Asks: 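Structure below; questions to follow.
Computed from a prediction, not measured in an experiment: that's the story for all the values here.
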Amino acid sequence: MSGIVGVLNLDGTPLDDRLLRGLTSTLTFRGPDRQRWRMVEPHVGLGHALLLSTDPSGPAEQPFTLDGRTWIVGHARVDARRDLAAALSLGPDGTIREDASDIELILRAYSLWGERSVEHLLGDFTFAVWDGPRQHLFCARDHLGVRPFFYAQCGRAIVFSNTLDGVRQHPGVSRELNESTIADFLLFGVNQDPATTSFRDIRRLAPAHTITWAKDSTRCRRYWTLPIDEPLFLKSADEYSERFTELLRTAVGDRLRTDRVGVLMSGGIDSPTLAATALGVLREGSPGFALQAFTSVYDRLIPDEERYYAGLVARHLDIPIHYDVRDDETSLTQWGRIAVHTPEPVDNPAAVVASQEYLRRIATETRVFLYGEGPDNALQYEWRPYLAYLLAGRRVGVLARSLLRDLVVHRRVPFWSSIMQSAVARRERAEWREEFPVWLDDDFAARYECRRRWDSSQQPPPSPHPIRPAAFSGFGKILWQSWFEDCDLAAAAANIELRHPYLDLRLLRYMLAVPPMPWCRNKLILRRSMRSSLPGNVLRRRKAPLAEHPDLKRVQAAGFPPLVPSAELSRYVNPRKVPTAPRTAVELRAALRPLGLNYWLNDLSSAGRKDAPS
């Protein structure tokens with residue numbers, strides 16, 4: 001979870017090297033193994049903090065250069081390395097070494113294709129290239145936004161980092177808040193603008209975007225959007241599962257590069273599939289590997305079956321498993337005793353503490369963990385639009401075969417069971433539907449048109465995908481950026497890396513292209529692909545969410561944390577109207593936002609006092 005930082009004075013004013021050194025030192029928590037900074041030109045400085053994750057490609061010393069004129073810093077993992085190296089070998093530099101570091105491959109790609117280099121990259125990356133001959137700074141963020149990138153322009157100075165707090169340390173960056181994002185947080189729990197932050201001067205580079213600064217110009221462009229592919233019609237069921245298995249093995253293999261790996265594994269189907277796939281990849285390439293599973297369970301608070309089913313998987317695969325018992329983890333009931341800093345407000349600081357504590361404990365085993373997020377979104381069972389698409393195209397034969405296959409495989413009539421599931425889903429959505437927060441300060445709500453924002457959010461725009469509308473649109477939601485940044489910060493605090501194989505673009509596009517009938521129903525594509533690799537009980541298990549919300553149960557037993565409002569909170573919230581005894585999980589979620597903002601404002605104020613000159 002390495003850190004990057006850089007400063008460019010657009011007017012050519014020499015940069016104070018003490019500033020660059022200081023900014024680099026703020027990244028030590030991200031990269032404890034080595035920190036380096038360099039004045040690549042008198043008015044340009046780059047810094048890097050390294051976290052070693054034992055990749056055999058070897059970490060390049062950063063800032064990195066090939067010719068002393070063009071320099072790069074980045075936090076990057078490049079996928080499909082062999083294909084990229086082969087394409088680069090057709091350029092003027094000739095053959096590229098297979099063991100070239102990821103950062104070297106990116107710089108060589110930039111040297112060959114310039115700003116279009118990102119269109120040749122796969123993987124999770126955020127990087128900045130100082131192009132000395134052209135005198136411009138080129139920066140990029142990966143397709144889905146797994147790796148963050150923040151920047152600010154202070155007069156004629158540009159400062160950037162993959163850490164928001166790092167940008168804040170530049171003396172030219174204002175401490176003033178961006179109240180529009182505060183409104184979004186209080187309304188929705190997350191900022192709805194992918195290009196802004198909670199601070200007026202600091203911006204995000206949105207996913208799949210690049211930005212280029214030169215002396216007299218700034219260019220920001222989107223270089224990729226998730227394609228809308230036609231449904232993939234293969235000849236046999238085996239072809240579907242074999243293709244899935246092949247792509248998943250490739251995605252997992254690209255994310256291993258080490259023989260010590262952990263899998264954050266539940267008792268469901270997604271993460272056990274990762275564990276089984278990683279085991280196969282490691283057995284072929286790393287005879288001395290160590291693969292371990294880590295499973296969160298409740299034994300008393302809300303008894304569940306995760307321990308049983310995850311244990312079945314671990315015994316079947318013959319891998320060690322570690323159980324994290326969450327009954328007594330840091331929670332809302334310890335609100336007054338927690339101490340945690342977050343760059344932006346979060347609704348539940350206690351959950352941040354619990355996550356960091358857990359990851360620090362398991363970080364003693366390895367620095368690389370696989371995370372199974374993705375299939376819940378990508379494999380939604382959307383049979384209605386699929387059948388409508390086939391009918392509109394008069395593909396009667398395909399329609400008939402889809403219906404028959406769905407019935408034969410699942411042994412249930414799709415319409416009736418799906419209608420019942422849809423009714424349940426509608427009821428759950430209604431249960432989770434929040435009311436407009438009456439505790440917003442009236443003047444603040446009017447100034448930032450909170451009612452209009454709220455009403456607009458209740459009617460999301462139609463999806464452009466004719467067959468997989470919900471799955472496709474789901475990956476464009478702003479919640480992903482927030483989730484990625486939460487993962488990034490929690491991992492950085494524990495000095496580990498979380499990697500997401502299901503979000504590999506090659507695999508993601510495949511999951512969105514397989515026909516929903518029968519392959520998305522109950523994630524059949526995963527279950528069939530794993531039929532010889534996982535226990536039958538796990539393959540047959542349906543998705544089993546927790547019966548109750550853990551924090552709600554804790555609050556019902558111990559009480560809701562009291563709100564002791566800071567002076568700043570009254571600008572946004574009427575404290576007298578904030579609920580003191582939420583009765584449902586949805587009421588709890590909404591009531592936590594003013595408490596979370598209050599906690600963050602207090603932390604911000606305390607940090608400001610510490611930073612103030614004596």
Asks: Taking only Lys NZ, Arg NE, NH1 and NH2, and the carboxylate oxygens of Asp or Glu, determine whether Arg221 and Glu119 approach each other closer than 4.0 Å.
Replies: yes

Asks: I'd like to check Tyr151 versus Ile202 (side-chain heavy atoms, cut-off strictly below 4.5 Å). Are they in contact?
Replies: no

Asks: What about Phe160 and Phe150, are their ring centers closer than 6.0 Å?
Replies: no

Asks: Check the pair Glu246 / Arg249 against salt bridge (Lys or Arg N to Asp or Glu O under 4.0 Å), numbers first and verdict last.
Replies: CA-CA 5 Å; Glu246 175 189 349; Arg249 283 179 58 86; over 6 Å; no

Asks: Are Tyr381 and Trp519, when compared by the centres of their aromatic rings, separated by less than 6.0 Å?
Replies: no

Asks: Between His500 and Phe484, is the ring centre distance below 6.0 Å?
Replies: yes

Asks: Is it true that Glu306 and Arg541 make a salt bridge, defined as a side-chain N closer than 4.0 Å to a carboxylate O?
Replies: yes

Asks: Checking salt bridge (Lys or Arg N to Asp or Glu O under 4.0 Å) for the pair Arg255/Asp79: CA distance, chi angles, key distance, verdict?
Replies: CA-CA 8 Å; Arg255 283 158 180 78; Asp79 297 335; 3.2 Å; yes

Asks: Does Arg77 qualify as a cation-pi partner of Phe125, given the criterion of NZ or CZ under 6.0 Å from the six-membered ring centre and within 45 degrees of its axis?
Replies: no

Asks: Cut-off 3.5 Å, side chains only: do Thr196 and Thr181 have a donor facing an acceptor?
Replies: no

Asks: State plainly whether the residues Glu497 and Arg367 are in salt-bridge range, i.e. N to O under 4.0 Å.
Replies: no

Asks: Could you tell me whether Arg451 sits above the aromatic face of Phe436, with NZ or CZ closer than 6.0 angstrom to the six-membered ring centre and within 45 degrees of the axis?
Replies: yes

Asks: Do Lys523 and Asp376 meet the salt-bridge criterion of a basic N to acidic O distance under 4.0 Å?
Replies: yes

